[in-house]
J.: 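This structure is in structure tokens; I'll ask about it shortly.
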Amino acid sequence: MHNIKDIRDNLDNFKKLISKRNVKVETNNISELDKQNRTLIQNKELLEKEKKDISKKKDQNLFEKSKEISKKIEKISSDQSQVKFKLDEILSSIPNIPLDDVPEGKDENSNLEIEKSGEIKNFDFKPKSHIDLGDNLKMLDFDLASKTSGSRFVFVTKKLAMLERALSNFMIDTHVNKNNYLEISPPLIANENTMYGTGQLPKFENDQFELVLEDKNDRKFLIPTAEVILTNMVKDQILDIKNLPLRFVASTPCFRKEAGSYGKDTKGMIRQHQFYKVELVSIVEPNHCIEELERMTNCATDILDQLKLPYRKVLLCTGDMGFSAEKTYDIEVWIPSEKKYREISSCSSCGSFQARRMKARYKNSKKETNFVGTLNGSGLAVGRTLIAVIENYQQVDGSIIIPEVLKPYMNNLEKIDNN
RNA sequence: GGAGAGAUGGCUGAGCGGUUGAAAGCACCGGUCUUGAAAACCGGCAAAGGGGCAACUCUUUCCUGGGUUCGAAUCCCAGUCUCUCCGCCA
């Protein structure tokens with residue numbers, strides 16, 4: 001959510017900045033609605049003052065007049081709240097403004113590769129996909145999942161299930177012990193206001209799994225990412241500056257309808273309705289967002305370094321960023337069967353964009369109340385990491401070598417094979 | 001599911017129809033004292049929105065939404081949430 005004051009003072013510049021995003025934004029009505037809104041507020045306050053004065057005087061002769069004023073106030077404030085509603089409706093569906101160093105572009109083709117890391121293994125055989133490997137091992141079952149649940153689900157079984165769990169634990173341990181994140185086991189269901197706070201609502205309702213409840217006004221959603229629930233931990237709060245930064249990590253299932261992605265990655269585990277993800281969230285002073293984004297991204301790549309998986313770091317262009325982000329790095333891991341890098345983490349600074357929606361504030365050193373900055377990043381997407389490990393560590397016989405750092409989490413197992 | 005209790009400023013917690021935006025304490029900030037710190041003492045300290053270049057000023061807000069009243073944190077109704085007890089249950 002943008003501050004109407006910032007827009008008001010510099011509408012043309014705002015329009016220019018927002019046009020960098022590859023979205024259509026209706027900015028034309030904003031000025032008019034804002035003007036109407038303020039005029040109505042002024043009129044209302046005038047009447048309220050008048051009424052208040054009468055009440056203070058306690059003069060019986062004026063009581064009738066006070067009643068009349070009340071009626072006028074009623075009318076004018078209903079007009080005002082309608083105008084305000086329309087204004088908020090527009091404002092709440094405008095995405096965040098990209099930072100200056102974000103490359104301009106309309107899709108992923110304009111993303112900027114920042115660095116490559118790790119060595120891409122030269123297989124002396126044709127590397128198989130995780131689908132084939134999982135099928136041969138009889139540890140990934142997509143058909144069964146489609147029977148029990150539908151498309152885009154999977155059963156991960158036996159040693160691969162253990163590997164998935166190991167990955168999750170390894171990531172959490174790293175972020176807690178090495179990177180100073182606070183471990184959280186959060187609710188997986190969020191209410192409407194929480195979803196609004198991080199920007200999933202109102203615009204992306206179709207991407208969410210909503211629960212069916214008797215009470216239509218009580219809306220609840222399965223979280224599409226732990227970002228939603230972790231970031232909202234500070235909503236409606238005024239934090240003490242000495243408690244910042246706050247850093248949270250959680251491993252949770254994520255639920256996504258993936259509406260609009262029909263035909264994309266239909267096979268395999270890349271794009272599922274449900275997947276595990278270890279999520280990092282930071283709550284910081286807004287002027288620390290940029291350095292925190294670097295820190296967070298390093299925490300994510302650290303996992304890949306330790307797993308010895310080749311990856312690259314990409315700076316997303318204006319058109320490819322998420323709704324709430326002002327700057328985003330994607331980490332992409334090498335997938336041998338596809339011979340390309342695939343997103344495994346996305347780290348974003350949201351500036352005060354989400355904080356404004358959540359009313360998450362802090363008192364700065366001058367004792368002024370200000371909105372916090374929020375960041376989120378995957379550290380990492382567990383499902384996709386599982387794919388990356390399976391494919392990058394595959395052997396010619398279809399077995400999977402366990403990465404060194406995961407062995408302690410796998411009862412020191414050396415490799416996963418049919419036995 | 002049944003029975004109670006509650007929701008007030010960053011926090012704790014008074015107020016229970018009329019300058020109450022709200023006592024007190026804690027926390028925080030400034031000052032005095034001190035070699036320095038602590039303690040003590042003095043002072044300051046809510047948020048959102050509107051107007052103004054500004055000093056400043058106005059309005060709203062004591063869970064939410066209605067109602068009563070000239071006037072509501074205070075009374076009435078509905079709802080939400082939290083806590084305690086009982087039942088059921090992973």
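Naming convention: chains lettered A, B, ... in sequence-line order (proteins, then strands); numbering from 1 in each chain. Everything numeric here is computed off the predicted structure, so don't read it as measured data.
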J.: Mind telling me whether A:His273 and A:Phe153 have parallel, tilted or perpendicular rings, with 30° and 60° as the class edges?
T.: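 A:Phe153 vs A:His273 ring planes: tilted.
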
J.: Could A:Arg384 and A:Phe275 be counted as a cation-pi pair, given that NZ or CZ must be under 6.0 Å from the ring centre and within 45° of the axis?
T.: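 No, A:Arg384 does not lie over the aromatic ring of A:Phe275.
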
J.: If the test is side chain to side chain donor-acceptor pair (under 3.5 Å), which one of A:Lys220, A:Lys235, A:Gln200 qualifies with A:Thr194?
T.: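 Of A:Lys220, A:Lys235, A:Gln200, side chain to side chain donor-acceptor pair (under 3.5 Å) with A:Thr194 is met by A:Lys235 alone.
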
J.: Using atom P of each nucleotide, how far apart are B:G52 and B:A40 to the nearest Å?
T.: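 It comes out at 47 Å once rounded to the nearest Å.
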
J.: From CG of A:Leu47 over to P of B:C70, roughly how many Å is that when rounded to an integer?
T.: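 About 18 Å, once rounded to whole Å.
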
J.: Test your reading of the model: is there a side-chain donor-acceptor pair from A:Arg256 to the backbone of A:Gln274, 3.5 Å cut-off?
T.: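 Absent.
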
J.: Quick one: does A:Glu45 reach the base of B:G49 with a side-chain donor-acceptor pair under 3.5 Å?
T.: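 Indeed there is one.
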
J.: Measuring from the side chain of A:Ser55 (C-beta onward, heavy atoms only), which nucleotide among B:C70, B:G51, B:G49 has the closest atom?
T.: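 Out of B:C70, B:G51, B:G49, the nucleotide with an atom closest to A:Ser55's side chain is B:C70.
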
J.: Under 4.0 Å between a Lys/Arg side-chain N and an Asp/Glu carboxylate O for A:Lys16 and A:Asp12?
T.: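 Salt bridge flag = no for A:Asp12 with A:Lys16.
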
J.: Ring centres of A:Phe323 and A:Phe204 under 6.0 Å apart?
T.: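 Here the rings of A:Phe204 and A:Phe323 have centres that are less than 6.0 Å from each other.
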
J.: Quick check on B:G18: is either OP1 or OP2 less than 4.0 Å from any side-chain nitrogen or oxygen of A:Lys52?
T.: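 Answer is no, no contact under 4.0 Å.
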
J.: Tell me the interatomic distance from A:Asp34, atom CG, to B:G51, atom P, rounded to whole angstroms.
T.: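 Whole-Å distance recorded here is 8 Å.
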
J.: Between A:Lys56 and B:U19, is there a side-chain N or O to OP1/OP2 distance below 4.0 Å?
T.: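 For B:U19, neither OP1 nor OP2 has a side-chain N or O of A:Lys56 closer than 4.0 Å.
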
J.: Would you say A:Arg38 places a side-chain N or O within less than 4.0 Å of OP1 or OP2 belonging to B:G51?
T.: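 For B:G51, OP1/OP2 do have a side-chain N/O of A:Arg38 under 4.0 Å.
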
J.: Please report, rounded to the nearest Å, how far the P atom of B:A47 is from the OH atom of A:Tyr362.
T.: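 Taking atom P of B:A47 as the reference, OH of A:Tyr362 is at 14 Å.
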
J.: Mind checking the P distance from B:U60 to B:G21? Whole angstroms is fine.
T.: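 It works out to 10 Å between them.
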
J.: More 5' along RNA chain B: A:Lys49 or A:Glu74, using each one's nearest nucleotide?
T.: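 Final value for this comparison: A:Lys49.
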
J.: Between B:U61 and B:A72, how far apart are the two P atoms, rounded to whole Å?
T.: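 It comes out at 9 Å once rounded to the nearest Å.
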
J.: Treating primed atoms plus P, OP1 and OP2 as sugar-phosphate and everything else as base, which nucleotides of nucleotides 73-78 of chain B get B, S or - for protein heavy atoms under 4.0 Å?
T.: ------

J.: Judged by atom type as modelled, is there a donor-acceptor pair below 3.5 Å linking the side chain of A:Glu391 to the main-chain atoms of A:Ser337?
T.: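 Checking the backbone N and O of A:Ser337 against the side chain of A:Glu391, a donor-acceptor pair under 3.5 Å is found.
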
J.: Tell me: CG of A:Leu40 to P of B:U60, nearest whole Å?
T.: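 To the nearest whole Å, that distance equals 17 Å.
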
J.: Using the C1' atom as the reference point in each nucleotide, state the distance between B:U82 and B:G17 in Å, no decimals.
T.: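 My reading of the C1' atoms in B:U82 and B:G17 gives 28 Å.
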
J.: So, OP1 or OP2 of B:G50: does either fall under 4.0 Å of a side-chain N or O from A:Arg8?
T.: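 Yes, because at least one side-chain N or O of A:Arg8 sits under 4.0 Å from OP1 or OP2 of B:G50.
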
J.: Can you tell me how far P of B:U59 sits from CD of A:Glu50, to the nearest Å?
T.: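 The answer, rounded to whole Å, is 12 Å.
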
J.: Closest to the A:Glu48 side chain: B:A48, B:A27, B:U59?
T.: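 That would be B:U59.
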
J.: Would you say A:Lys5 reaches B:G50's phosphate, i.e. side-chain N/O to OP1/OP2 under 4.0 Å?
T.: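 So the side chain of A:Lys5 is within the cut-off, an N or O lying under 4.0 Å from OP1 or OP2 of B:G50.
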
J.: Just how far, in rounded Å, is P of B:G71 from CD of A:Glu64?
T.: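 Interatomic distance, CD of A:Glu64 to P of B:G71: 11 Å.
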
J.: Without swapping roles, check the side chain of A:Ser352 against the backbone of A:Ala355 for a donor-acceptor pair under 3.5 Å.
T.: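 A pair under 3.5 Å: no.
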
J.: Suppose you measure atom C1' in B:U68 against the same atom in B:A7; what distance do you get, rounded to whole Å?
T.: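 Approximately 23 Å lies between the C1' atom of B:U68 and that of B:A7.
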
J.: What distance, rounded to whole Å, do you find between the two P atoms, one in B:C81 and one in B:G87?
T.: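 Taking atom P in both B:C81 and B:G87, they lie 24 Å apart.
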
J.: Once you round to the nearest 0.5 Å, how far does OG of A:Ser399 lie from CD1 of A:Ile401?
T.: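 If I round to the nearest 0.5 Å, the distance is 5.5 Å.
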
J.: Return the pairing partner of B:G36 with a 3.5 Å limit on both distances, Watson-Crick or G-U wobble; otherwise return none.
T.: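 WC or wobble partner does not exist here.
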
J.: Tell me the partner of B:C88, counting only Watson-Crick (N1-N3 plus N6-O4 or O6-N4) or G-U wobble (N1-O2 and O6-N3) with both under 3.5 Å; none if nothing fits.
T.: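 None - no nucleotide pairs with B:C88, as no candidate has both distances under 3.5 Å.
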
J.: Whole-Å distance between B:U8 P and A:Asp236 CG?
T.: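 Taking CG of A:Asp236 and P of B:U8, I get 13 Å after rounding.
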
J.: With no hydrogens and no angle check, just 3.5 Å: does a side-chain donor-acceptor pair link A:Tyr362 and A:Asn243?
T.: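 No pair is found: no donor N or O on one side chain lies under 3.5 Å from an acceptor on the other.
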
J.: Please give, in whole Å, the distance from B:A48 C1' to A:Arg356 CZ?
T.: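 Rounding to the nearest Å, CZ of A:Arg356 and C1' of B:A48 are 14 Å apart.
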
J.: Under 4.0 Å between any heavy atoms, over every strand shown, what does A:Arg219 touch: base, sugar-phosphate, or nothing? Just pick one.
T.: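 The residue A:Arg219 makes no contact with any strand.
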
J.: My understanding is that a pair needs two contacts under 3.5 Å, Watson-Crick or G-U wobble. By that rule, which nucleotide pairs with B:C81?
T.: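 Looking at the geometry, B:C81 pairs with B:G6.
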
J.: With both distances kept under 3.5 Å, what pairs with B:U74, Watson-Crick or G-U wobble?
T.: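 Checking every strand shown, B:U74 finds no partner, since no pair has both distances under 3.5 Å.
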
J.: Using heavy atoms to find the nearest nucleotide of RNA chain B for A:Lys363 and A:Ile4 separately, return the residue whose nucleotide is more 5′.
T.: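 Nearest nucleotide further toward 5': that of A:Lys363.
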
J.: Taking only the side-chain heavy atoms of A:Ser66 (C-beta and beyond), determine which of B:C28, B:C70, B:A47 contains the nearest atom.
T.: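 Looking only at side-chain atoms, A:Ser66 lies closest to B:C70.
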
J.: Could you identify the nucleotide paired to B:A14, looking across every strand shown and requiring Watson-Crick or G-U wobble geometry with both distances under 3.5 Å?
T.: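 The base-pairing partner of B:A14, which may sit in any strand shown, does not exist here.
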
J.: When all nucleic acid strands are considered with a 4.0 Å heavy-atom cut-off, which category describes A:Lys44: base, sugar-phosphate, or nothing?
T.: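 Result for A:Lys44 = nothing.
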
J.: Could you tell me which nucleotide pairs with B:C45 by Watson-Crick or G-U wobble geometry, both distances under 3.5 Å, or answer none if nothing does?
T.: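 Partner of B:C45: none.
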
